[in-house]
Amino acid sequence: MLLTTSEIKIKGELLSELPQDLYIPPDALEVYLEAFEGPLDLLLYLIRKHNLDILDIPMAELTAQYMVYVEKMKVIKLELAADYLLMSAMLIEIKSRMLLPKPAEIAEEDDPRAELVRRLMEYEAIKLAAQRLDEMPKVGEEIAVAAAYYQHISEIKPPEVSLDELVEAWRNVLKRAKLNSHHKIGKAELSVREHMSQILRRLKADGMVEFSQLFDMASEGLAKLVVNFLAILELAKEGLIRITQQQAFSPIYLQANASE
Amino acid sequence: MKEPDNITEMKQVLEAALLTAGQPLSLDDMLKLFAGRMERTTLRMLLDELKQDWAEKTLELVQVATGYRFQARQQFSEFITRLNPERQPKYSRAVMETLAIIAYRQPVTRGDIEQIRGVAVNPNVMRQLQERDWIDVVGQREVPGRPSLYATTKHFLDDLNLRSLSELPPMDDFAQSEIPLDN
Amino acid sequence: MKEPDNITEMKQVLEAALLTAGQPLSLDDMLKLFAGRMERTTLRMLLDELKQDWAEKTLELVQVATGYRFQARQQFSEFITRLNPERQPKYSRAVMETLAIIAYRQPVTRGDIEQIRGVAVNPNVMRQLQERDWIDVVGQREVPGRPSLYATTKHFLDDLNLRSLSELPPMDDFAQSEIPLDN
């Protein structure tokens, strides 16, 4: 931002005179804090607006002023004073090198001011970029994003259960019940138990079922037939079904014990 | 931009504001849009027209307690909700353990389950599993009270991506190694 | 409701979702609307059509860094901002210059920023930008002290209506006349 005197106020009074060098009067400190972002900013201002030649700054005087200033400002904003002081030191260094007798040929990049100029120009570009970013429309300021209402439908989704979770639950049951030594359940036993459920389901639906109807000789393998038979025996043993036969060699009937 | 000076422009300002407000706008809010150069009756008329303009669209202009807002028509809510799904609910430990017992020990009665878990089975637990169609009653045990026998269903196997119960991890795979035999 | 099975219905679902989102929706978000029954190429085509459909309307469909969103056309913003007179306070020059350095020179450390601006960076400045979710730490520079490297976020691009950093005004635009070194 480029300032004119009308924008700079000290204790409510307009600043009548703009600085001609890098020295900040202590009573104008707060103003400078707000108006300039640091020594680069101030220097840039002086160069661009007042055609200041950085070599024209009375360095010895400036340094003396700064020492007084730093003494005064020890309590507050010391780091700011340090920034300006550093800049003064840099300028003094540049000036002293410029005063040395020049070799006949001096390359552009050997000019001790080149580095300072590079920094000033980089800072200037950033300063303008910042202004541009500041001016761009932004969401929440100039950009309004569509945000109409919608009814959030609570789809009552049933919980998902994974096999791992099921096994974990069973493991916990066993752990707590200390059933492990008595209830190791293998694949074979699970097949039997599955068939037990299937037979019970069938008996529940059909009432009485003839024994051979529970075996599908055509489509089921031997292992499955055996498992099916074991399931019938287990059901009988657990008293869950009744097996009846009127006389030898007559059909054997199964019925759920409960279905009477 | 100059102030809107005809019905079309006024409706456009209203529409843009209502679509981007993120909350219902009261009549007073909407008057602010026009910097005081709008009568309440005109505003109401514009809102009516806007409502008509959107009659066949994806959103509708509705009046709620605190003002007017655009909202997605009901038939789109289900799809939009997919963008922000609710957290998947989980079954309680009681439900999971009951299910595991029925899966591994079927057919079992509630009494069996209670004996294995050592605590009473809440009827609600059985109901949840039955409503899910994961367990059903396959018979009764012939003991006093004739308790129901529960087993897992075909649907349970489908949902867990199993072809048969024998694909459940057999318990003796880890019975020895992972469950301490402390007796 | 049944899944949409024609272009018109699909566009309606898309439109309703984008008008209610309140933030950009990514292509992946939008695919979720159709529960996986949509190709990316079809989706892009539908978005193009939707953009056309709204070409003359109060809102426009724009693409920003994280996706697509409907936003009010520029000519209505002046009116809409009247609804919220207490706007976000403007950031200080220190904040904006720091942001500009991070945007154009990223990734940078605080030391880099101090070097360019010639003054110490107030930690509060970084905090303001982080709270706005415009910058974040993307790593550390492997030098003593391992200072944090800052970069701008996608959210920053979204908020400035940009798809990528390359859409920022080019730095060359800011090059001023040379500072003369006459002696």
Side-chain angles (χ1 to χ4, degrees), chain A residues 1 34-44 47-48 51 53-55 79-80 82-84 86-87 90 98 102 108 111-114 116-151 153, chain C residues 16-24 59 61-62 64 69-72 74 76-78 80-81 83-84 87-88 90-101 103-105 114-120 155 158-162 168-169 171-183:
Chain A
M1 113 169 98
E34 285 168 26
F36 294 105
E37 287 296 316
L40 278 177
D41 196 21
L42 175 57
L43 196 51
L44 198 58
I47 291 168
R48 289 292 188 207
N51 299 316
D53 182 341
I54 42 188
L55 293 180
E79 73 281 3
L80 182 91
D83 288 329
Y84 284 90
L86 188 68
M87 184 57 64
M90 188 179 176
M98 295 295 286
K102 262 186 267 177
E108 178 82 354
D111 190 324
R113 296 167 299 176
L116 178 61
V117 165
R118 188 198 62 75
R119 283 188 65 187
L120 281 169
M121 293 202 58
E122 177 170 34
Y123 175 70
E124 189 170 42
I126 285 295
K127 193 174 142 175
L128 292 169
Q131 282 176 21
R132 276 291 280 283
L133 288 182
D134 203 28
E135 288 157 5
M136 283 169 73
K138 294 175 197 69
V139 169
E141 293 166 22
E142 300 85 0
I143 297 176
V145 175
Y149 178 84
Y150 76 97
Q151 170 112 46
I153 303 241
Chain C
L18 283 159
L19 284 172
T20 54
Q23 58 182 17
L59 306 191
L61 183 60
V62 298
V64 291
R69 71 179 175 217
F70 273 114
Q71 64 190 38
Q74 204 60 48
F76 301 114
S77 14
E78 181 196 326
I80 294 172
T81 50
L83 291 174
N84 296 304
R87 308 242 304 275
Q88 184 120 22
K90 281 281 184 192
Y91 286 122
S92 67
R93 272 185 61 196
V95 171
M96 289 313 291
E97 288 182 9
T98 302
L99 179 64
I101 292 168
Y104 283 95
R105 297 278 185 258
E114 291 178 347
Q115 172 68 24
I116 294 174
R117 296 192 63 232
V119 286
H155 189 242
D158 282 352
D159 275 4
L160 268 76
N161 216 15
L162 303 170
L168 278 175
M171 206 59 182
D172 295 348
D173 287 7
F174 308 129
Q176 300 292 297
S177 59
E178 284 290 320
I179 294 172
L181 290 175
D182 48 5
N183 47 3

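Every chain is numbered from 1 and lettered A, B, ... according to where its sequence line falls, protein lines coming before strand lines.
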Can A/E122 and C/Q115 be said to form a side-chain contact (heavy atoms from CB on, under 4.5 Å), step by step? CA-CA 11 Å; A/E122 177 170 34; C/Q115 172 68 24; over 6 Å; no
Which distance, rounded to the nearest 0.5 Å, do you find between the [atom1] of [X] and the [atom2] of [Y]?
X      : Y      : atom1 : atom2 : answer
C/M96  : A/E37  : CE    : CD    : 12.0 Å
C/I116 : A/R119 : CD1   : CZ    : 9.5 Å
A/I126 : C/R117 : CD1   : CZ    : 10.0 Å
A/R132 : C/L160 : CZ    : CG    : 11.5 Å
C/E97  : A/D41  : CD    : CG    : 6.5 Å

Side chain from CB out, backbone as N, CA, C, O: work out which of these in [X] comes under 4.5 Å of a heavy atom of chain A, or both, or neither.
X     : result
C/L18 : backbone
C/Q74 : side chain
C/L59 : side chain
C/A21 : backbone
C/R69 : side chain

Heavy-atom pair with the smallest gap, counting every atom of [X] and [Y]:
X      : Y      : answer
A/M136 : C/L162 : CE-CD2, 3.9 Å
A/I143 : C/Q71  : CG2-OE1, 3.5 Å
A/L133 : C/A100 : CD1-CA, 3.7 Å

Leading residue by heavy atom contact count with chain C [cutoff under 4.5 Å; candidates A/A147, A/A125, A/A146, A/A144]: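 Option with the greatest count: A/A146.
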